[in-house]
Amino acid sequence: MTTTAWADRIATATPPDRERVIDGLRVIAMLGVVAGHWLVTGLTTGTGGELHQASPLTAIPGLTPLTWVLQTLGLFFFVAGNTAARGLDRAGRRGGSTRSWLAGRARRLLPPVVVFLGVWLLILAALRHTAIGPRTLHTAGTIAFSPLWFVLVLVLLLPLTPLVLGAVDRFGAAAALLPLGALIAMDALRYWLWPGMPGWPAYLNCVTAWLVPYTLGAAASRGRLAGARCGRGLLLAGLTSGALLIAAGYPASLVGVPGDGRSNLNPPSLLTAALSAVQIGLALLLWARLERRLHRPGWWAVVGALNLTAMTIFLWHQSALFGVAGLGHVLGSDPVGLIGSPDSTGWIGHRLLWLPVVAVALIVLCLLFRRAESFGAGDGSRSLAHR
């Protein structure tokens, strides 16, 4: 099949009312997360030869600005809120209930997750009977399973969609101020009012922090958040509040840095919400331009194809990285840029050279496991129409 025929096939499978910008933003968010993980996930060997996780951000703080660009989870949840709101509205127009819509979403989400977990549990069980040490197995599981937290948070947010839409219908995009207020209260409590508080209550931020962009996505689906004016407002609010929070003592990195006492991501902090505002503001400012670009068949074919495997890419991208690094370790070479202390610009250069190899490994994994995404959605064209 020629490239033109492939692009035409995807264009034919696309409903005329498809919100292409949302799909484009999903791809941007996905590529940001994948690139970020591949750049900051380092591996070192201990005295016994076992693998440990490390981060170049610990030794090279100059890389911190990269986290402002590549930590795109706010966009992910903005897209998730928009998609969920549109899906629930479609279900309502067809006479379906919220329960049936949630069941449909579960049928879409669970198969790729179940396949991922099943394969990795078999791998870890098999590796326990080899000479690979327990620390290496722990590192493998930690890296491979790390993307699952996103799915867990999404599962928690989806049942809240009717409440979010009700608040959006009443208050517009200002409905996001409610979870934002809860986020502010928790950060004030744990950082200033009660510095010695137990750590577990702060994990409520895993819901409230991501509910902010999720609500903004729902508002955009109803036309309550659109246009350059809203985009400039969010961008300015995010940049100003982010700068003030860093000046007040928040870590500048938008991902966790091993050895730091505080993290903006585990659990999420108010600075994470500020970054989400910046990213969503930029998306609104570029919306019309993205829409024009994505009506070009070639661009849309790439975005449409990536959307059909988005969950597979997200679940397996860290497995691809660890698989390539682990193979090098087993072969006894410990290739520079994959394994070794990530503490120099030389390491960064070598890591960049390895990324095409890791990308090929991810493509192989996607070819093996992508069918799991269509278990609950029918054939490829139907999946594209309803994703």
Side-chain angles (χ1 to χ4, degrees), residues 29-44 46 50-55 57 70-73 76-77 80 106 108-130 132-158 199-200 203 205-207 209-210 254-258 263-268 272 309-327 329-330 338-339 342 358-359 361-366 368-370 372-373 375:
M30 176 179 66
L31 294 179
V33 169
V34 170
H37 279 159
W38 284 357
L39 287 173
V40 304
T41 302
L43 289 165
T44 61
E50 296 198 344
L51 294 178
H52 301 256
Q53 191 171 349
S55 171
L57 293 169
L70 298 178
Q71 201 277 72
T72 50
L73 290 167
F76 248 129
F77 284 103
R108 292 279 306 283
L109 285 172
L110 289 180
V113 173
V114 170
V115 170
F116 172 81
L117 284 173
V119 170
W120 258 106
L121 290 176
L122 288 173
I123 291 173
L124 291 175
L127 291 178
R128 288 183 182 276
H129 299 284
T130 68
I132 296 175
R135 181 65 193 183
T136 298
L137 293 179
H138 179 269
T139 300
T142 299
I143 292 174
F145 293 154
S146 60
L148 286 177
W149 73 263
F150 166 82
V151 180
L152 176 60
V153 174
L154 183 59
V155 167
L156 294 175
L157 293 181
L158 284 173
W200 63 265
Y203 282 91
N205 285 4
C206 290
V207 174
W210 302 123
L254 267 298
V255 301
V257 179
S263 169
N264 287 310
L265 199 56
N266 184 30
T272 300
T309 56
M311 181 62 75
T312 304
I313 292 171
F314 191 82
L315 288 173
W316 288 96
H317 71 277
Q318 286 289 71
S319 302
L321 175 63
F322 188 84
V324 173
L327 181 60
H329 182 66
V330 170
L338 288 176
I339 299 176
V358 179
L362 179 58
I363 290 171
V364 172
L365 290 171
C366 287
L368 287 173
F369 300 114
R370 65 179 179 176
E373 287 203 60
F375 287 169

Under 4.5 Å between any side-chain heavy atoms of [X] and [Y], yes or no?
| X | Y | answer |
| --- | --- | --- |
| L254 | T272 | yes |
| W210 | N205 | no |
| L338 | L43 | no |
| M311 | V151 | yes |
| L73 | L265 | yes |
| W316 | L368 | no |
| T44 | P342 | yes |
| F116 | S319 | yes |

If you take all heavy atoms of [X] and [Y], which pair is closest and at what distance?
| X | Y | value |
| --- | --- | --- |
| A372 | P111 | O-CB, 3.3 Å |
| A325 | I339 | O-CD1, 3.3 Å |
| P147 | A144 | CD-O, 3.1 Å |
| G133 | E50 | CA-OE2, 2.7 Å |
| L315 | P112 | CD1-O, 3.6 Å |

How long is the span from the [atom1] atom in [X] to the [atom2] atom in [Y], to the nearest 0.5 Å?
| X | Y | atom1 | atom2 | value |
| --- | --- | --- | --- | --- |
| L152 | W149 | CG | CH2 | 9.5 Å |
| I313 | L362 | CD1 | CG | 6.0 Å |
| T142 | H52 | OG1 | NE2 | 12.0 Å |
| L127 | W120 | CG | CH2 | 7.5 Å |
| F322 | T41 | CZ | OG1 | 11.5 Å |
| L109 | E373 | CG | CD | 9.5 Å |

Kindly assign one of parallel, tilted or perpendicular to the pair W38 and H317, based on the angle between their ring planes and the thresholds 30° and 60°.
tilted
Using the ring of each side chain (for Trp, its six-membered ring), is F314 parallel, tilted or perpendicular to F76, with breaks at 30° and 60°?
perpendicular
Would you indicate whether H37, at its atom NE2, is surrounded by more than 12 heavy atoms from other residues, nucleotides or ligands within a distance under 6.0 Å?
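Yes, enclosed.
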Step-by-step side chain to side chain contact (heavy atoms under 4.5 Å, CB included) determination, L365 to T312
CA-CA 8 Å; L365 290 171; T312 304; over 6 Å; no
